[in-house]
Number of protein chains: 2
Amino acid sequence: MSVFHHHFGAASVAAFSLFVASAALAKEPIVEYREGVMEAIGGHTSALKQLITGKVDFSDDAKVHVLGIAALSKLVDHLFPAGSNKGETEALPAIWEKPTDFKKAVEAFQLAAAELAKQADASPAAMAPAFGAMVKTCKGCHDDFKKK
Amino acid sequence: MSVFHHHFGAASVAAFSLFVASAALAKEPIVEYREGVMEAIGGHTSALKQLITGKVDFSDDAKVHVLGIAALSKLVDHLFPAGSNKGETEALPAIWEKPTDFKKAVEAFQLAAAELAKQADASPAAMAPAFGAMVKTCKGCHDDFKKK
């Protein structure tokens with residue numbers, strides 16, 4: 001019996017540890033949401049880069065990506081509500097500590113995404129300057145407000 | 001001098017190894033492109049899941065995601081051209097070995113994404129059945145045609 005109890009105890013501890021670990025790893029829904037939105041922006045941007053640099057020749061696809069990015073950029077406004085820096089997140093406290101600077105950085109991205117979307121019917125090559133300007137706003141915001 | 005030569009040799013070997021490693025890691029542009037498209041679909045889907053399960057309350061955002069997924073689903077048609085299974089890729093040979101099955105799996109996804117997009121103006125909760133049906137087509141295709 002003592003062996004049984006010993007094993008049972010160990011299994012319980014293991015189960016509890018797993019529970020604690022998964023609780024610690026669970027992200028807040030708002031964090032899951034914003035990471036999904038950011039992943040979508042990242043995927044569109046990465047795909048678009050292949051078109052704009054001419055490495056992949058599906059010119060007609062570019063429109064899907066620039067319109068997608070522009071639509072998603074508008075959602076960024078509400079991805080960082082007060083209190084959404086809890087748990088596992090790559091968002092830096094600076095977002096809530098310097099709200100004016102952060103708002104400016106988000107607006108720069110939204111403006112650049114809207115400018116790029118104006119060229120939705122242009123050739124990928126023609127989109128290069130507006131695309132470069134937009135990517136700069138991504139980097140600018142990530143540098144100051146996202147964990148490395 | 002022998003120490004110098006030894007170090008120089010080691011540095012050259014290290015540099016060469018880095019070169020080889022980065023050459024081995026470089027993905028084909030078409031693979032980068034399709035991974036960007038898939039990442040965008042994944043991001044939209046993951047974000048949408050938070051809305052549909054009611055964990056995050058930005059109902060108006062759902063439209064952006066369902067339209068985004070539907071637009072991206074059409075691009076999947078040309079993401080797997082002949083010869084695009086070279087280098088680092090998660091695509092399985094089955095894609096090119098069983099083209100009819102693969103085409104069927106892609107079309108099931110496109111159809112499900114189009115059905116979901118028909119509800120673009122519905123509430124996220126109302127989208128649940130069509131969303132579930134679409135996610136099933138993702139899983140179905142990944143099970144058979146994507147590396148684990």
Side-chain angles (χ1 to χ4, degrees), chain A residues 26-81 83-84 86-87 89-90 110 113 117 120 124 131 135 138, chain B residues 26-81 83-84 86-87 89-90 110 113 117 120 124 131 135 138:
Chain A
K27 283 178 192 165
E28 295 289 319
I30 178 67
V31 174
E32 293 272 13
Y33 184 69
R34 80 175 161 231
E35 291 185 356
V37 172
M38 291 298 183
E39 188 186 338
I41 295 172
H44 276 299
T45 303
S46 156
L48 188 54
K49 188 183 163 193
Q50 299 299 311
L51 302 177
I52 286 176
T53 54
K55 290 187 184 165
V56 171
D57 190 24
F58 301 127
S59 305
D60 292 348
D61 292 10
K63 187 173 188 168
V64 169
H65 300 303
V66 300
L67 295 182
I69 295 168
L72 288 159
S73 76
K74 293 176 191 156
L75 313 187
V76 178
D77 271 340
H78 53 254
L79 295 183
F80 301 87
S84 69
K86 279 182 291 187
T89 173
E90 292 177 337
Q110 291 169 327
F131 179 72
V135 169
C138 300
Chain B
K27 284 178 192 163
E28 295 287 320
I30 178 66
V31 175
E32 294 272 13
Y33 184 68
R34 79 174 161 232
E35 291 186 356
V37 172
M38 291 298 182
E39 188 186 337
I41 295 172
H44 275 299
T45 304
S46 155
L48 188 54
K49 188 184 164 193
Q50 299 298 313
L51 302 176
I52 286 177
T53 55
K55 290 187 183 163
V56 170
D57 190 25
F58 301 126
S59 305
D60 292 348
D61 292 10
K63 187 173 188 166
V64 170
H65 300 303
V66 299
L67 295 183
I69 294 167
L72 287 159
S73 76
K74 293 176 191 157
L75 312 188
V76 178
D77 271 339
H78 53 254
L79 294 184
F80 301 87
S84 69
K86 281 182 291 186
T89 173
E90 293 177 337
Q110 291 169 328
F131 178 72
V135 168
C138 300

Determine whether [X] and [Y] make a side-chain contact, defined as any pair of heavy atoms from C-beta on separated by less than 4.5 Å.
| X | Y | value |
| --- | --- | --- |
| A:T89 | A:R34 | yes |
| B:V135 | B:K49 | no |
| B:Y33 | B:L75 | yes |
| A:D61 | B:H78 | yes |

So what's closer than 4.5 Å to chain B heavy atoms on [X]: side chain, backbone, both or neither?
| X | answer |
| --- | --- |
| A:Q50 | side chain |
| A:L72 | both |
| A:V37 | both |

Quiz item: Who among B:M38, B:E28, B:E39 has the most heavy-atom pairs with chain A under 4.5 Å?
Solution: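 Heavy-atom pairs under 4.5 Å are most numerous for B:E39.
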
Quiz item: If you count heavy-atom pairs under 4.5 Å between each of B:I41, B:I30, B:L51 and chain A, which one has the most?
Solution: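 Result: the option with the highest number of such pairs is B:L51.
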
Quiz item: Can you tell which of A:K55, A:K74, A:H44, A:H65 has the highest number of heavy-atom pairs within less than 4.5 Å of chain B?
Solution: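 Going by pairs under 4.5 Å, I would pick A:H44.
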
Quiz item: Got a sec: does the CG of A:D77 have more than 12 other heavy atoms crowding it under 6.0 Å?
Solution: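 Yes.
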
